[in-house]
Amino acid sequence: MLLAVGLGAFALVLDELAGRSLTQVFSLTLPFWFCALASACLGFWAVPLLRALKAGQIIREDGPKSHLKKAGTPTMGGIFFLPVALLVALVWSGFSLPVVAVSVLTLAYGAIGWIDDWQIIRGRSNKGITPRMKLLLQVGAGALFCLWLAWTQPETITTIALPFGLMLPLGLLFWVVAIFVLTAESNATNLTDGVDGLAGGTVAIALLGLGALIASSSPELMLFCAALSGSCLGFLLHNRNPARVFMGNTGSTALGGALAAVALMTNSLFALLILSGLFLIETLSVMIQVGYYKATKGADGVGKRFFKMSPYHNHLELSGWTETRIVAAFYMIAGLLSFVTLAVC
């Protein structure tokens, strides 16, 4: 409830300051609340359907023991809250070309996540498609998106905008950066989806912050961000602790792709770096854990752990933090990062 009030007030205040009427086609408030309500209502039908289809989550055996009780909770929640946001954004924007492009990329990454989820459910294990296959699919979809971007917005793929009007020229290196950002952001939000309500809320905050930042330069993509943020909020009605449904890789993989795609199209990569601070920490915690374990591996083949468990939210949970405390802290940090982004960028 506090997140809903906070995000709703944030959108309303920014619309008022920008002189955007609530009845305008392009605003933050109206698409945000429309998608929040639509996604929340649709969940009352979709969640029982997923349960009936036996699309239950398989809990990793090496994860926190407290998570074992969540086994069997319906997953793949992304299949109902993502279409709500994408359909609303497409129709509301009159099928604007930028919205079509980021929607296709979001759907492509969602499809990759769905394949991963389906393999997990079908195999009754927590292993889906191989990491290599997942990465290849993400890079392939990202490369096609970048090709389209180079064809339609060639000026966008040569530099990165920095604060205070500075520009960082990259030339052909931008291709490497762009594809890396798409895959890294997608996997980072996927790693963050490990506690009830964590990924949905933090991504909703980041999306609304990004939408506010690009409102004047790209109102169509602002609408897209507001719609997807609202849809995440509506999903949280069913995903809050104790969760009745998980977004699964279907949702978390797509959300990261959506954030990265919008940032690439609006030359907001530096802003995305700040907005995604939490996702970056989660990813770095996994890299540190794996690297430290390998570096300290002894003759017995066993290494030491830097954290009690990674990603970092699992370390906090094993340190005695409750899930709701972790989520509340991450929400506050995500909100602060959004304000910092708007102030700096």
Side-chain angles (χ1 to χ4, degrees), residues 31 34-35 38-39 42-43 46 49-50 55 75-121 128-129 133-149 151-153 178-179 181-190 193 199-200 203-204 206-207 210-211 218 220-232 234-235 245-266 272:
F34 185 89
C35 287
S39 180
L42 185 59
L49 177 61
L50 288 170
T75 187
M76 293 198 297
I79 64 171
F80 77 85
F81 78 84
L82 284 174
V84 168
L86 300 185
L87 184 60
V88 169
L90 287 167
V91 174
W92 209 310
S93 67
F95 290 89
S96 164
L97 191 56
V99 175
V100 172
V102 296
S103 295
V104 170
L105 188 281
T106 303
L107 279 176
Y109 273 44
I112 296 169
W114 180 85
I115 295 171
D116 201 16
D117 281 333
W118 179 247
Q119 290 291 336
I120 290 171
I121 294 169
I129 58 177
M133 176 58 69
K134 185 176 181 179
L135 183 61
L136 285 174
L137 291 172
Q138 289 174 319
V139 169
L144 289 174
F145 177 79
C146 290
L147 280 171
W148 177 87
L149 196 60
W151 179 47
T152 58
Q153 298 178 212
I179 295 174
V181 169
L182 285 164
T183 54
E185 189 75 15
S186 176
N187 289 313
T189 51
N190 182 241
D193 183 33
V203 173
L207 279 166
L210 183 57
S218 185
E220 300 95 343
L221 290 178
M222 171 200 69
L223 189 153
F224 173 87
C225 289
L228 192 51
S229 175
S231 206
C232 286
F235 171 73
V245 65
F246 301 135
M247 69 168 62
N249 298 323
T250 307
S252 59
T253 303
L255 291 176
L259 277 167
V262 172
L264 283 169
M265 288 199 68
T266 57
L272 181 67

Is the shortest heavy-atom distance from the side chain of [X] to the side chain of [Y] under 4.5 Å?
| X | Y | value |
| --- | --- | --- |
| Leu264 | Phe145 | yes |
| Leu82 | Leu228 | yes |
| Met265 | Val262 | no |
| Tyr109 | Leu182 | yes |
| Ser186 | Ile112 | no |
| Ile115 | Met133 | no |

Sorted by chain and number, sequence neighbours left out, ring pair (Phe, Tyr, Trp, His ring centres under 6.0 Å) with Phe224 holds for none
Which atom names give the shortest non-hydrogen contact between [X] and [Y], and what distance separates them?
| X | Y | value |
| --- | --- | --- |
| Ala263 | Leu210 | N-CD2, 4.3 Å |
| Ser231 | Ser39 | O-OG, 3.1 Å |
| Trp114 | Ile79 | CD1-CG2, 4.1 Å |

Parallel, tilted or perpendicular: rings of Phe34 and Trp92 (30°, 60°):
perpendicular
Just checking Trp148: does its CH2 atom have more than 12 heavy atoms from other residues, nucleotides or ligands closer to it than 6.0 angstrom?
yes
Donor-acceptor pairs are to be reported for all side-chain atoms of residues 245-261 against protein atoms at under 3.5 Å, with residues two or more places apart or in another chain.
from	atom 1	to	atom 2	distance (Å)
Asn249	OD1	Asn190	ND2	2.6
Asn249	ND2	Asp116	OD2	3.0
Asn249	ND2	Asp117	OD1	3.3
Thr250	OG1	Asp117	OD2	2.7
Ser252	OG	Asn190	ND2	2.8
Ser252	OG	Gly248	O	3.1
Thr253	OG1	Asn249	O	2.9

Sequence neighbours excluded, which residues qualify as side chain to side chain contact (heavy atoms under 4.5 Å, CB included) partners of Leu136?
Arg132
Considering only distance and modelled atom types, tabulate donor-acceptor pairs under 3.5 Å from the side chains of residues 93-108, sequence neighbours left out.
from	atom 1	to	atom 2	distance (Å)
Ser93	OG	Ala89	O	2.7
Ser93	OG	Leu90	O	3.2
Ser93	OG	Ser96	N	3.4
Ser103	OG	Val99	O	2.7
Thr106	OG1	Val102	O	2.7

Pairwise salt bridge (charged side-chain N to carboxylate O under 4.0 Å, His left out) hits with a residue in residues 81-92, at least two apart:
none
Name all pairs fulfilling the side chain to side chain donor-acceptor pair (under 3.5 Å) condition that reach into residues 76-86, sequence neighbours left out, sorted by first residue then second.
none
